[in-house]
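Only one structure is covered here, and it is reproduced in the block below.
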Amino acid sequence: MDAIETELAIIGGGPAGMACARAYRAAGGEGPVMLISAEGRAPYRRPPLSKELLRGDVDAGELPLEPPAWWAEHDVALVTGRARHLRAVHRTIVLDDGREVGYRCCLLATGARPVRLPVPGAHDPGVLSLRTLDDARELLARLRPGGPVVVVGSGFVGCELAASLARRGQAVTLVSDETLPQGARLGPEVGRRLAAWLGEEGVRLVLGTAVDAIRRDGPALVVRAGDASARGDLVVVAAGATPRAELARDAALGLDGGRVPADARMRTAMPGLLVAGDVAAARHAVAGRVLPVEHWGDALAQGEIAGRVAAEDDEARWDTVPGFWSTIGNRTLKHAAWGDGHDACELEAHPGGAFVARYTREGRLVGILTHERDEDLEAGRRRIGADARAT
Ligand SMILES: Cc1cc2nc3c(=O)[nH]c(=O)nc-3n(C[C@H](O)[C@H](O)[C@H](O)COP(=O)(O)OP(=O)(O)OC[C@H]3O[C@@H](n4cnc5c(N)ncnc54)[C@H](O)[C@@H]3O)c2cc1C
């Protein structure tokens, strides 16, 4: 089989891959571009899967990141298939169907996959996870109206999922080893607010105890966590994600915490190979250190840098303060932070339930979380950057 030659090969059709293709063209890159996506569909918005799509407020047709005509208009070839091998020394990718793709520049943007619980029963077919549109469709198809569902994990995806399912009328129990949702990461005062929001959405909380086992009992599943248990038709595990770094291992690249190291221009140690998004461990130009992030906006930002670097833009570097948003029921939280720890948190409450939490380390602002206080978020984001530049 003849090798296909391309200028820019992008492996992964998430936000990082999509942003790379857009930015390469926008920066004047004129060579052939190929985006390889294992999901069998054009890149789409993932965040609504645990929010609007699950609640029934948008349908799948509204999710694509670009309309079908975009691909031909921008001369980007979309290959729906999996990249099986990356022979980075030879600048070659081997696809699932055996075809070989030779490239000048490659972006690895393979994202992450959900963690499986390391407990007995975790492989039962009634135990689901949520990463892709297919996962969301499967979950929706298997919901029994009003039936009980157990969500495991109180990270943002878990909290969003639990609230969205409750809004659909499911009887939801959220089980987590955290004593408060996001308590360790965002502090107990924020955790208490999240717990109260979930309670108001009708979610039953079983907190502070890790899942030991999942047992099938006829059509139901029983999740056992210490002395507590929860019963559901389905169990949805939202216990975090693992970077999909197998192609980097294949290419003999060293990893950092399971991710692919990169500089602030998204360049790996391998000539011609860039990395962006959830699979990257990129050095932040302003923070001056590696910041692993798992956020939609940062995957877009890093993908954009990679596209500009592929188009030989010398200015492009990752220098924006990372951040995410989360919508739990109808309440939205917005966060901007380096995300690698704080030693103090101060919460400022405002009328109507709005609040601002400011996170500091050695007296410098390193994070801000807001609910209904966008002006404080923006001011905080600017100060986080300024404080880091001043050190
Ligand atoms: C349900 C859900 C809700 C979320 N909500 C928010 C939110 O509200 N705010 C926020 O900031 N973040 C949110 N996130 C996180 C955000 O979606 C991720 O950080 C982001 O999608 C990471 O982008 P990425 O491009 O690195 O990887 P991904 O989006 O994971 O995309 C990677 C793509 O690469 C493909 N791929 C992997 N291996 C191969 C291969 N070998 N060959 C070809 N293709 C391959 C995958 O199939 C996938 O399509 C959410 C995540 C989930 C799952």
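Whatever order the structure lists ligands and atoms in, that order sets their numbers, starting from 1.
- When hydrophobic side chains of Ile, Leu, Val, Met, Phe, Trp and Tyr are connected at separations under 4.5 Å, Val290 ends up as a singleton with no cluster partners.
- Screening residues 15-29 for side chain to side chain donor-acceptor pair (under 3.5 Å), with sequence neighbours left out, gives Arg22-Glu66.
- In terms of modelled atom types and a separation under 3.5 Å, the side chain of Thr242 and the main chain of Val115 share no donor-acceptor contact.
- Grouped by direct or indirect side-chain proximity (heavy atoms under 4.5 Å, Ile/Leu/Val/Met/Phe/Trp/Tyr only), Ile214 sits with Leu117, Val119, Val127, Val150, Val152, Val175, Val206, Val211, Leu221, Val223, Val235, Val237.
- With 3.5 Å as the limit, one finds no donor-acceptor pair spanning the side chains of Thr132 and Glu39.
- Relative ring orientation between Trp197 and Phe355 is described as tilted, the plane-to-plane angle lying within the 30° to 60° band.
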Between ligand 1 and the protein, give all atom pairs where both partners are nitrogen or oxygen and the distance is under 3.5 Å, as lines of names plus distance to 0.1 Å.
{"from": "ligand 1", "atom 1": "5 (N)", "to": "Lys51", "atom 2": "NZ", "distance (Å)": "3.1"}
{"from": "ligand 1", "atom 1": "8 (O)", "to": "Lys51", "atom 2": "NZ", "distance (Å)": "2.6"}
{"from": "ligand 1", "atom 1": "8 (O)", "to": "Trp325", "atom 2": "O", "distance (Å)": "3.1"}
{"from": "ligand 1", "atom 1": "9 (N)", "to": "Trp325", "atom 2": "O", "distance (Å)": "3.1"}
{"from": "ligand 1", "atom 1": "11 (O)", "to": "Trp296", "atom 2": "N", "distance (Å)": "3.0"}
{"from": "ligand 1", "atom 1": "12 (N)", "to": "Trp296", "atom 2": "N", "distance (Å)": "3.2"}
{"from": "ligand 1", "atom 1": "19 (O)", "to": "Asp278", "atom 2": "OD1", "distance (Å)": "2.9"}
{"from": "ligand 1", "atom 1": "19 (O)", "to": "Asp278", "atom 2": "OD2", "distance (Å)": "3.3"}
{"from": "ligand 1", "atom 1": "19 (O)", "to": "Glu294", "atom 2": "O", "distance (Å)": "3.4"}
{"from": "ligand 1", "atom 1": "19 (O)", "to": "His295", "atom 2": "N", "distance (Å)": "3.3"}
{"from": "ligand 1", "atom 1": "25 (O)", "to": "Pro15", "atom 2": "N", "distance (Å)": "3.3"}
{"from": "ligand 1", "atom 1": "25 (O)", "to": "Ala16", "atom 2": "N", "distance (Å)": "3.0"}
{"from": "ligand 1", "atom 1": "26 (O)", "to": "Asp278", "atom 2": "N", "distance (Å)": "2.8"}
{"from": "ligand 1", "atom 1": "29 (O)", "to": "Arg46", "atom 2": "NE", "distance (Å)": "2.8"}
{"from": "ligand 1", "atom 1": "29 (O)", "to": "Arg46", "atom 2": "NH2", "distance (Å)": "3.1"}
{"from": "ligand 1", "atom 1": "30 (O)", "to": "Arg131", "atom 2": "NH2", "distance (Å)": "2.7"}
{"from": "ligand 1", "atom 1": "31 (O)", "to": "Arg46", "atom 2": "NH2", "distance (Å)": "3.3"}
{"from": "ligand 1", "atom 1": "38 (N)", "to": "Arg244", "atom 2": "NH2", "distance (Å)": "3.4"}
{"from": "ligand 1", "atom 1": "41 (N)", "to": "Ala83", "atom 2": "O", "distance (Å)": "3.0"}
{"from": "ligand 1", "atom 1": "42 (N)", "to": "Ala83", "atom 2": "N", "distance (Å)": "2.9"}
{"from": "ligand 1", "atom 1": "44 (N)", "to": "Ala38", "atom 2": "N", "distance (Å)": "3.0"}
{"from": "ligand 1", "atom 1": "49 (O)", "to": "Glu39", "atom 2": "OE2", "distance (Å)": "2.6"}

